[in-house]
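The structure appears below as structure tokens.
Within every chain, numbering begins at 1; the chains are lettered A, B, ... in the order of the sequence lines, protein sequences first and strands thereafter.
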Amino acid sequence: MQAITHQSTATDWITVCAVNDILPNTGVCAWVNHQQVAIFRVGHEATLYAIANYDPFSNAYVLSRGIVGDRGGIPKVASPIYKQTFNLATGECFDNPEISVPTFPVRVVDGQVQVGRFE
Amino acid sequence: MAKQHLAKKNLIVIGNGMVGHKFLERMIAKGAAQNWNLIAFCEEPRVAYDRVNLSGFFDGKTEADLTLVEPGFYQNHQIQMHIGERATKIDRDRKCVSSAHGSTIPYDKLVFATGSYPFVPPIQGKDADGTFVYRTIADLEAIAAYAKHCRVGVVIGGGLLGLECANALKNLGLETHVVEFMSRLMPVQVDEAGGQLLKREIEAIGVRVHTQKSTTEIVNENGRVYKMVFADGTELHTDLIVFSAGIRPRDDLARECDLQVGERGGIVINQACQTSDPNIFAIGECALYDNQIYGLVSPGYLMAGVAADNLCSPGSSSFAGADMSTKLKLLGVDVASFGDAFAKTTGSRELVISDAIQGTYKKLVVDATATTLLGGILVGDASIYGSLMQLMQTKTTLPPHLEDLLLPPRSGGETALMRVENFPDTAQICSCNNVSKGDLCAAIRDQQLTDIASVKQCTTAGTGCGGCVPLVTDLLKAELKQAGIEVNNHLCEHFAYSRQELYHLVRSSVSSTDAAPPIQTFDYLLHRHGRGAGCEICKPAIASILASVWNDLILNPSHAGLQDTNDAFLANIQRDGTYSIVPRVPGGEITPDQLIVLGEVAKEFNLYSKITGGQRIDLFGARVDQLPQIWRRLIEAGFESGHAYGKALRTVKSCVGSTWCRFGVQDSTSLAIALELRYRGLRAPHKLKSAVSGCTRECAEAQSKDFGIIATEKGWNLYVCGNGGMKPQHAQLLAADLDTETLIRYIDRFLMFYIRTANRLERTATWFNKLEGGMDYLQRVVIHDALGICADLEAEMAHQVATYECEWKDAIDDPAKLKRFRHFVNADHPDPNVIRVEERGQLRPAYEHERQLLTIGTQP
């Protein structure tokens, strides 16, 4: 399993679950440093993205339950409440570029998913 | 007498039938209310209604369906409408109208729209109990009341109105006979051969036709109709007789005030629709132009327009006679007659194609050189009527092989009929509302219309008899093509196909004989026919298609990621990210024990409880981790998923019907339960709602549903494509008086046909509005199997019914599926940001302003 990670500047890695706990092309929510982090597994391998679970449009913590997909090849997730879509890599909202959600570093080590903190 | 604006002049209209109402509409459209006090007398207790489709009254249509007057139209435009008040006298010297209620109103201009009355031939015994005429809703009500105690009904007169009346008697469940004096039915419109075919077709649906019969006596028994005696000595037993032997203009008021009338009746008018008194106009069936009465609604509408034009600006338009061309569906049989249908033009020639197997008769009348079309007759199939009319009206040179006009195009070729884009701009497309091709093109261009429903709404074309809708649709397509507007029906960037095409790809893969395996997953469909990774548009749409075809459980690993959050968690997400739960309560019938369980569960999990509009109970505020626990309890108590979360069958509402109600005529609850259990879990392009009412009082509101059923004395009436919601729309009658087995067969076919062909998230009402050919087409597909797909549709539904499984029952026993039912993948505590406030003894989500006072959780 090839692990794609976003870890260049991250520290404080916290293991949250096994990769196989995340069904391909779905998300889960993890409790990391008293924050809700939505982690998405894109495709059938171990390509992972992590963004905040908080949906700024509905003020609910739900993004991990959105449908994963792509827009012109850019991976995205749609909020399950009002369907705005967010760029998984940058957290930017496709429907309103002024709004974005935080992203988190995420990696796979020995089949375990780890979320980090940007320092 | 109500007050009148002194600056304005008084315009009085006598009569509020179809033409009288159309006249008022035209006046309002011209802004005439600024200069005129519009006053109208309506003798009947109800304002204008659709007399042409009167027999629909016995076929499930209500007074509200038949009315032609938009609610509030008269009030909003300050039209003084005297309902139920007959005008009784006109004083031309004093220029005033008196009424049966004793009012006298002065006029500056007066319009007769008094219509006609049914002619009753002077037959001995014609006044016995059980004899009726057929003109008004009151006549129909009287016929219906009397028919309750009758078995046999006879219509005297086999013309257009007589056949319409026979339809009404048939709908009342009577053994129906038509007695015609002439040698054929519809002698005014149809020739001998066409009449014979019409007779065969009509007899095939169970109406007995007796031609060349002259009734000499109506014999009664104790005052009630008993039998008819004919001139040839034969007799016919009957319980009820309706006279439909022609109409006579209502010109009595005009005669009394010495207006010029014709020898055989009718108020004489000129080209401006003015009578012999220039201040008085006459329009519709009471008017006589050039020695002719026009007994059709379309010429009446034309006169209404001409009279309105001339009242607003004298001399601005004229009536020069009207074409008596007509296209109708009588007793389910198409009949059309146009132009010189009987080849009376000197030297004219005929071409006839008569097909006794298909039951069609088509005749063209052309000039001596066979270059222009003069008229024709169509029986059994009148779909080419609109195109032929255009050929005739535009005097287009005919193609060399005339038969090509009447037959389907030769293989691969184009039909010989003129294409609508080649019609001149002046060509009249909708004759009911007088809409030309130019009007339509302008509306499509200027208002950027792209669908047939908006074209109808903006131009009124196709909203009368509906006969021109195929032409309007062709025109719309041609205009869009010309404007370079490609109506892209691709589902999204990942699939260059419409939903219908994708459905077909999946469905046809079921029985595909090539080496490729069947398409059972999104990934494989994407691989074969799509690109990219998919998105929130195509994933749920394809999940729905896969469910409609294969009926796998939607949370199986290959489908779970496709589902919208409601389907993914088998519950309805609410604004704070928690869910509501709706167990199935088939037909709305629930035992006290079940109610107690719901109450106990709600109490234990602190759920907000509310009764839904679909006769179920909705429990709100369950966290994702609570859903399996709650469902374990519910399933133990015998509940199952209600699919309130799915684009699927929701509920079948019902009233208690004949089991309790003193008015109920059938057991609506049992049917509702049976239907709900049959179609539970059925996934469709959008949600499906249904209801069953036990009698015509319609307490279950079936006519607002995707499919609704109303009990009749003889069975069930099936209505389809209704909608509540944002754009309420009444369901329309698909079939009447069905037995339960046939009813279910038709619903199976209807639902699967909708599932096959609708767009994504398109409710049945919207789908229906776009369906070319409308109800007529739907009936041909669902009832008459015109596409030859009914066996497939039924088999597909049978598969759905046989493979149904409760998604919750499956999920609570499957650890892999249950893994997703927790808020945090790495912690057991719930979402700390769900904050509740008490209101009226129950909990609800906190609003933002309350949250700030109450927050204990963390904000990002």
Side-chain angles (χ1 to χ4, degrees), chain A residues 14-18 20-44 47 51-56 58-85 94 101-102 113 115, chain B residues 492-494 522-523 526 531-541 543 555-569 572-579 624 816-817 819-835 845-848 851 857-860:
Chain A
I14 292 172
T15 300
V16 295
C17 63
N20 289 334
D21 287 339
I22 312 175
L23 214 54
N25 293 313
T26 70
V28 297
C29 172
W31 184 246
V32 180
N33 301 323
H34 295 277
Q35 291 190 19
Q36 296 197 25
V37 179
I39 304 164
F40 299 93
R41 179 174 171 192
V42 173
H44 289 264
T47 309
I51 62 173
N53 194 37
Y54 176 78
D55 170 17
S58 66
N59 298 316
Y61 289 75
V62 291
L63 290 185
S64 65
R65 297 181 225 157
I67 291 179
V68 175
D70 82 291
R71 175 146 156 176
I74 301 168
K76 66 168 188 176
V77 65
S79 163
I81 306 272
Y82 300 121
K83 316 291 181 210
Q84 289 88 358
T85 55
F94 281 109
V101 294
V113 177
V115 177
Chain B
C492 65
E493 67 175 76
H494 304 103
F522 175 83
D523 286 346
L526 188 71
R531 58 170 172 267
C535 65
E536 75 284 0
I537 308 285
C538 58
K539 283 184 171 181
L555 293 193
N556 283 355
S558 54
H559 306 316
L562 312 176
Q563 312 296 345
D564 257 322
T565 190
N566 283 1
D567 273 316
F569 292 95
N572 291 46
I573 199 165
Q574 302 300 324
R575 65 179 170 88
D576 67 348
T578 64
Y579 292 84
V624 71
K817 284 176 186 159
K819 257 170 80 177
R820 296 194 71 209
F821 286 87
R822 55 193 298 194
H823 191 76
F824 294 114
V825 69
N826 61 342
D828 285 331
H829 65 82
D831 179 359
N833 292 282
V834 169
I835 295 171
Y847 291 114
E848 247 353 87
R851 197 176 249 287
T858 55
Q859 295 285 345

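The closest side-chain heavy-atom distance from B:P832 to A:Q36 is below 4.5 Å. Here the side chains of A:N59 and B:R851 are not in contact, with every heavy-atom distance at 4.5 Å or above.
In this structure, A:Y61 and B:H823 approach most closely via the heavy-atom pair O-CE1, 3.5 Å. Shown here for A:L23 and B:A560, the closest heavy-atom pair between the two residues is CD2-CB, 3.7 Å. The two residues A:D70 and B:H494 have their closest heavy-atom pair at OD1-NE2, 2.6 Å. The shortest non-hydrogen separation linking B:G577 to A:A60 is N-CB, 4.1 Å. Closest approach of A:I67 and B:L562 over heavy atoms only: CD1-O, 3.6 Å. For the pair A:A30 and B:N826, the tightest heavy-atom approach, listed with the atom from each and the gap, is CA-OD1, 3.5 Å.
Every pair passing salt bridge (charged side-chain N to carboxylate O under 4.0 Å, His left out) that includes a residue from residues 823-835 of chain B is listed here, sequence neighbours excluded: B:R822-B:D828.
With rounding to the nearest 0.5 angstrom, the NZ atom of B:K539 is 4.5 Å from the CG atom of A:N25. Atom CG of residue B:D576 and atom CD1 of residue A:I81 lie 8.0 Å apart, to the nearest 0.5 angstrom. Atoms CG and CG, on B:N833 and A:N53 in that order, are 9.5 Å from each other to the nearest 0.5 Å. Rounding to the nearest 0.5 Å places CZ of B:R820 at 8.5 Å from OG of A:S64.
Proximity of a side-chain donor or acceptor of A:K83 to a complementary backbone N or O of B:I537 within less than 3.5 Å is not detected. A distance-only check finds no donor-acceptor pair linking the side chain of A:R65 to the backbone of B:A568 [under 3.5 Å].
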Item to check | Criterion side chain to side chain contact (heavy atoms under 4.5 Å, CB included) on A:V62 and B:T565, from CA distance to verdict | outcome: CA-CA 9 Å; A:V62 291; B:T565 190; over 6 Å; no
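Of the two parts of A:T85, only the side chain, counted from C-beta on, holds a non-hydrogen atom closer than 4.5 Å to a non-hydrogen atom of chain B. Neither the backbone nor the side chain of B:N566 comes within contact range of chain A, judged by heavy atoms closer than 4.5 Å. With a 4.5 Å cut-off on non-hydrogen atoms, A:V16 touches chain B through its backbone and its side chain both. Neither the backbone nor the side chain of A:D55 comes within contact range of chain B, judged by heavy atoms closer than 4.5 Å.
Taking A:V42, A:V68, A:V113 one by one and counting their heavy-atom pairs under 4.5 Å with chain B, the maximum is reached by A:V68. Here B:D564 is the residue among B:V834, B:T578, B:D564 with the most heavy-atom pairs under 4.5 Å with chain A. Ranked by heavy-atom pairs under 4.5 Å with chain A, the first of B:G532, B:G561, B:G534 is B:G534.
Under the salt bridge (Lys or Arg N to Asp or Glu O under 4.0 Å) criterion, A:K76 pairs with B:E536, not counting sequence neighbours.
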